[in-house]
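In what follows, a structure is listed as structure tokens, so that the remarks can point back to it.
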Amino acid sequence: MKPLRIGNFSGFYGDRSDALREMLTGGEVDVLTGDYLAELTMLILARDRLKDPSAGYARTFPRRLEDCLGLAHERGVRIVTNAGGLNPAGLAGEIRRLADRLGIPVRVAHVEGDDLTAAYPGTLAAHAYLGGFGIAECLRAGADVVVTGRVTDAALVTGPAAAHFGWRPDDHDRLAGAVAAGHVLECGTQATGGNYAFFGEGDVRRPGFPLAEIHADGSSVITKHPGTGGFVDVGTVTAQLLYETGGARYAGPDVTARLDTVRLVQEGPDRVRIEGVRGEAPPPALKVGLNRLGGFRNEVVFVLTGLDIEAKAALVREQLADALAKSPPSEVRWELVRTDRADADTEETASALLRLVVRDPDQQVVGRALSGAAVELALASYPGFHVLAPPGKGSPYGVFEDVYVPHMGAPHGAATHEPASDMGTVPTAPVSVSHVAVLHDGRRVPVPPPRETRPLAGVPDPALPEPLPPGPVRRAPLGLVAGARSGDKGGNANVGVWARSEDAWRWLAHTLTADTFRRLVPESRDLPVTRHLLPNLRAVNFVVEGILGAGVAAQARFDPQAKALGEWLRSRHLDIPEALL
């Protein structure tokens with residue numbers, strides 16, 4: 001059977017506006033997918049919905065589609081997107097009105113049932129991560145455009161593949177192969193050289209968007225349209241496979257994919273085959289992402305220039321101590337960032353930054369009383385006093401957490417994790433997840449839960465490779481012999497590190513332990529750090545629990561999504577065998 005060619009035109013809410021047209025005109029494709037929903041995006045859409053109950057979906061998508069809907073219809077390309085966010089029915093209706101206005105006979109369907117907000121008092125948005133079989137139902141019934149809310153990112157690929165090949169829910173290996181391909185596609189150009197550790201090996205000024213040729217057995221080839229920028233090789237695919245994952249078992253609502261079984265083969269220029277992926281029955285519980293208001297946050301950044309940086313910082317802290325003591329915020333963080341250099345030839349490079357961040361449930365506590373006290377120091381503090389921006393009244397910040405509920409309406413008490421009741425997120429009634437495909441003709445088709453489930457558990461550590469023989473070493477950055485990619489999952493971060501040769505893997509597996517990671521990344525020293533070995537990918541994947549606090553919207557650290565945590569790790573120095581350098 002001919003492979004199904006599934007492309008991506010969006011990796012996040014805000015991606016390139018011309019990508020849909022580029023993918024439609026650049027080469028052969030059967031289905032195009034657009035991923036819009038990150039944890040932070042759900043909070044943004046929830047705040048939109050507070051202002052306008054008819055909102056809650058990605059408003060940029062209809063504008064992008066207006067230019068390309070006719071082209072997609074002419075070429076028989078189906079479009080599947082989670083741009084529906086918190087209101088997939090609303091977006092589906094807008095697309096129908098758009099098609100009517102343009103005179104294009106397009107059949108639009110949507111998937112719903114993920115919204116559990118009403119069951120979780122105190123949240124702005126609570127949504128279960130659904131699988132791909134609702135999408136498959138819509139496509140089998142003839143939909144040209146399928147809109148979803150919160151589904152797993154990979155479901156945008158598993159759904160079309162299941163519909164095309166007739167896969168059943170117990171086709172675990174095939175589904176797992178599609179999950180691997182979907183995980184590679186979901187972040188768009190991150191699979192074609194974007195955000196890639198070894199970006200200098202290709203022209204990544206404007207990477208093309210990726211596509212996967214999915215085969216009936218679940219294997220796939222990751223590639224891109226001819227003539228587009230960027231590149232696809234085993235490294236770019238490995239990097240994306242490691243992104244925002246944990247152990248060997250990568251769980252989803254349809255299947256648990258075994259990442260330790262993935263095999264990658266460079267099949268030709270810009271062509272990487274993914275094969276051998278094994279699948280297992282999914283876990284008995286669905287992940288639910290909860291977004292709520294955490295309180296209010298304010299920030300002042302003082303610029304300290306030239307000499308006596310430490311003394312200037314100490315003076316500011318002492319001067320603001322009284323203002324902070326009068327009505328103490330629940331959290332106060334000072335951080336001195338030494339961006340200054342001695343004998344600098346520009347004022348900016350002679351300057352350090354002192355950041356004051358405060359948080360509290362009461363906006364008044366972090367508001368103008370504090371910011372006014374900072375401004376009042378303008379003529380009464382250290383020499384050269386100024387701040388990067390006038391402090392404001394304090395802005396709301398969000399908190400993300402995840403809980404797990406059983407499939408299809410079992411009570412919340414059976415969930416694997418219940419948040420504390422003082423967070424206002426424990427439901428007062430049993431939670432019901434009703435996965436429904438709403439077909440283009442209005443029929444509502446319930447999507448049954450998986451017939452078979454399997455509790456999620458770790459896998460035994462695989463055997464380590466033979467260590468390298470002793471030899472001379474040199475102090476050098478880890479990044480000379482290894483790539484890395486990092487990301488966020490709620491308050492946790494993962495850092496996937498892979499070697500580029502078998503000898504480098506033999507060294508990496510023995511050297512980069514969890515203890516070594518803690519030493520190289522001091523922020524993680526007091527946090528749980530788990531290392532997972534993936535020998536087929538020549539990779540180690542670290543999960544650091546709690547390093548991001550309450551998630552990206554809480555902005556608990558300088559890099560709130562841990563996007564650059566892997567690059568920081570690569571810049572750290574180790575004793576590396578000279579034979580590898």
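Ion pairing of R500 with D503 is absent here, as no side-chain N (NZ or NE/NH1/NH2) approaches a carboxylate O to less than 4.0 Å. Salt-bridge annotation for R249 and E280: present, with a side-chain N of the basic residue lying under 4.0 Å from a carboxylate O of the acidic one. Between E299 and R297 a salt bridge is recorded (basic side-chain N to carboxylate O distance below 4.0 Å).
Within the 3.5 Å criterion, the main-chain N or O of D260 finds a donor-acceptor partner in the side chain of N536. Distance alone, capped at 3.5 Å, is enough to place a donor-acceptor pair between the D114 side chain and the R150 backbone.
Using modelled atom types, one finds a donor on one side chain and an acceptor on the other under 3.5 Å when comparing N195 with Q190. A donor-acceptor pair shorter than 3.5 Å cannot be found between the side chains of D35 and N8. In this structure, a donor-acceptor pair under 3.5 Å is present between the side chains of T245 and N541. Inspection of the T349 and T346 side chains reveals an N or O donor paired with an N or O acceptor under 3.5 Å.
Stacking of R359 on the aromatic ring of Y397 is recorded, both the 6.0 Å distance cut-off and the 45° axial limit being met.
Here F231 and Y196 bring their ring centres to under 6.0 angstrom of each other.
To the nearest 0.5 Å, atom CG of residue L520 and atom CG of residue L512 are 7.0 Å apart.
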